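Everything on this sheet refers to the single structure shown next.
Counting convention: from 1, in listed order, for ligands and their atoms alike. Note that the structure is a prediction, hence the values are computed from the model and not measured.
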Amino acid sequence: MEKKNIDWSNLGFGYVKTDYRFVSDFKDGKWDDGKMTQDDKVVISECAGVLQYAQTIFEGMKAYTTQDGRIVTFRPDLNASRMADSARRLEMPVFPEDRFVEAVVETVKANAAYVPPYGSGATLYIRPYMFGSNPVIGVKPADEYQFRIFTTPVGPYFKGGVKPLTIRVSDFDRAAPHGTGHIKAGLNYAMSLHAIVDAHQQGYDENMYLDAATRTKVEETGGANFLFITKDGKVVTPKSESILPSITRRSLMHVAKEYLELEVEEREVFLDELKDFAECGLCGTAAVISPVGKIVDHGKEICFPSGMEAMGPVTQKLYETLTGIQMGKLEAPEGWLKVIE
Ligand code: PLP
Ligand code: COI
């Protein structure tokens with residue numbers, strides 16, 4: 001299969017229209033068979049549930065070309081199950097998990113010409129999403145839904161690739177206790193837009209959100225979980241009911257323990273202990289692992305010993321091991337890679 005003529009190494013994290021997308025409709029209490037289409041337009045009622053009351057959820061995953069030329073995705077079963085959790089929380093019908101994985105495979109296969117080559121630094125981002133499509137005017141769930149998957153080739157999420165980021169502690173909250181922070185609902189991202197625009201205007205790369213109840217504990221950023229490395233080499237990640245259960249973070253904790261023999265801890269992380277960590281990183285599908293060099297808490301700078309020039313040594317090892325697994329350079333744990341072709 002011939003690849004598209006794209007300057008893979010210079011891609012940013014943006015939308016490039018690819019040839020095919022998957023669409024399935026939910027009507028009269030059931031999902032139809034679904035199909036691949038070349039039509040990238042969505043036509044819905046002006047009163048659709050998604051437009052009026054933001055009934056929409058999504059997932060984010062990637063397809064990679066491995067060293068030996070296969071196309072694979074990483075743990076798509078976990079995206080399927082998280083999307084089912086998101087659907088249940090927003091009173092949406094679950095798209096069956098096995099069909100989710102099949103549809104991802106089908107969509108990537110149809111767009112194989114857009115999967116960036118091995119070593120290019122780019123990947124094919126996969127965006128499954130679902131929304132309420134029929135008219136809803138009283139506040140209630142829609143009766144009809146559309147589930148779609150599109151793909152787009154992407155480069156690094158943060159400009160500058162692996163240059164350490166500067167993050168500020170946000171005065172805005174992202175998620176309430178017992179709210180929707182633990183699911184991937186569009187509404188969580190809508191409410192972060194003002195905070196991210198403001199952060200960028202003030203010269204910061206991202207926001208660190210705190211727990212809304214006490215504002216003493218670290219939660220996550222707008223699009224990634226945190227990892228910290230202690231001065232004695234332990235990997236620590238915040239535990240909270242209101243953060244998204246990142247698949248990258250769960251995988252990294254396994255990699256740290258089983259591949260790198262590091263001690264790992266998932267626990268509450270307090271703002272006032274940040275100064276004691278040696279390294280900090282953001283992890284997620286889009287972010288992979290992006291190093292954080294500095295956190296600014298209302299004028300007070302917390303500078304990690306790893307500095308502003310390069311990833312810290314433990315973060316680097318975690319990055320190399322995870323991407324090594326995803327690109328087929330290191331043996332993956334059973335079931336982590338789904339081979340597409
Ligand atoms: N946290 C938020 C708010 C996110 O949007 C994402 C991205 O999906 C993550 C964390 C990372 O999750 P994952 O590693 O499953 O991509
Ligand atoms: C992802 O990492 O897949 C996400 O959905 C994060 C988003 C901010 C791009």
- Task: Could you tell me whether K234 and E265 have a side-chain N and a carboxylate O separated by less than 4.0 Å?
- Result: yes

- Message: One residue to check: E59. Relative to ligand 1, which of side chain, backbone, both or neither has a non-hydrogen atom less than 4.0 Å away?
- Response: neither

- Task: Check if R82 has a non-hydrogen atom at a distance under 4.0 Å from any atom of ligand 1.
- Result: yes

- Would you please classify the geometry between the F26 ring and the Y145 ring as parallel, tilted or perpendicular, with 30° and 60° separating the classes? perpendicular

- Where ligand 1 meets A224 - atom numbers and elements under 4.0 angstrom, heavy-atom basis: 1 (N), 2 (C), 4 (C), 9 (C), 10 (C)

- Taking H182 for its side chain and P245 for its backbone only, find out whether a donor-acceptor pair lies under 3.5 Å. no

- Item | Proximity flag M61 to ligand 1, non-hydrogen atoms under 4.0 Å | no

- Query: Does the distance from a Lys or Arg side-chain N to an Asp or Glu carboxylate O, for E220 and R174, drop under 4.0 Å?
  - Reply: yes

- Any idea which atoms of ligand 1 are less than 4.0 Å away from a heavy-atom of G284? 11 (C), 14 (O), 16 (O)

- Inspect the contact between K184 and D85 and indicate whether a charged nitrogen and a carboxylate oxygen are less than 4.0 angstrom apart. no

- When only distance counts, is I247 in polar contact with ligand 1, meaning an N/O pair under 3.5 Å? yes

- Query: Near G223, which atoms of ligand 2 are under 4.0 Å from a heavy atom of that residue?
  - Reply: 6 (C), 8 (C)

- Note the single closest protein heavy atom to atom 3 (O) of ligand 2, along with its residue, its atom name and the distance in Å. Y125 OH, 2.6 Å

- Item | salt_bridge(R267, E273) N-O dist < 4.0 Å | yes

- At the 4.0 Å heavy-atom cut-off, does E59 count as touching ligand 2? no

- Message: With the threshold set at under 4.0 angstrom, would you say G222 reaches ligand 1 through any of its heavy atoms?
- Response: yes

- Where's the contact between R127 and ligand 2, heavy-atom distance under 4.0 Å: side chain, backbone, both or neither? side chain

- Message: For atom 6 (C) of ligand 1, what is the closest protein heavy atom, and at what distance to 0.1 Å?
- Response: G223 O, 3.2 Å

- Message: For atom 2 (C) of ligand 1, what's the nearest protein heavy-atom neighbour? Residue, atom name and distance, please.
- Response: E220 OE1, 3.4 Å

- Query: Can R70 and E341 be counted as an ion pair, charged N to O under 4.0 angstrom?
  - Reply: no

- Should the pair F95 and F147 be assigned to parallel (<30°), tilted (30 to 60°) or perpendicular (>60°) ring geometry? parallel

- Message: Show me which atoms of ligand 1 lie under 4.0 Å from any heavy atom of N225.
- Response: 1 (N), 10 (C)

- Query: In terms of atom number and element, which parts of ligand 1 are under 4.0 angstrom from non-hydrogen atoms of R174?
  - Reply: 3 (C)

- Query: Which protein non-hydrogen atom lies closest to atom 2 (O) of ligand 2, naming both residue and atom, and how far is it?
  - Reply: A286 N, 2.8 Å

- Query: Got a sec: does the NZ of K231 have more than 12 other heavy atoms crowding it under 6.0 Å?
  - Reply: yes

- Side-chain donor or acceptor of W336 paired with backbone N/O of S251 under 3.5 Å: no

- Nearest-neighbour protein heavy atom for atom 8 (O) of ligand 1, which is reported as residue plus atom name and distance: K184 NZ, 2.8 Å

- Query: If only atom types and distance count, is the side chain of N225 paired as donor or acceptor with the main-chain N or O of R249 below 3.5 Å?
  - Reply: no

- Note on the structure: Among non-hydrogen protein atoms, atom 8 (C) of ligand 2 lies closest to Y157 OH, 3.4 Å

- Shortest protein heavy-atom distance from atom 5 (O) of ligand 2, along with the residue and atom involved: K184 NZ, 2.7 Å

- Atoms of ligand 2 close to F58 [distance to a heavy atom under 4.0 angstrom, numbered from 1]: 5 (O)

- Side-chain heavy atoms of R168 within contact of M208, under 4.5 Å: no

- In terms of side-chain geometry, is the basic nitrogen of E268 or K239 positioned less than 4.0 Å from the acidic oxygen of its partner? no

- Task: Please write down residue, atom name and distance for the protein heavy atom closest to atom 16 (O) of ligand 1.
- Result: T285 OG1, 2.5 Å

- How close does the nearest protein non-hydrogen atom get to atom 5 (O) of ligand 1, and which residue and atom is it? Y189 OH, 2.5 Å

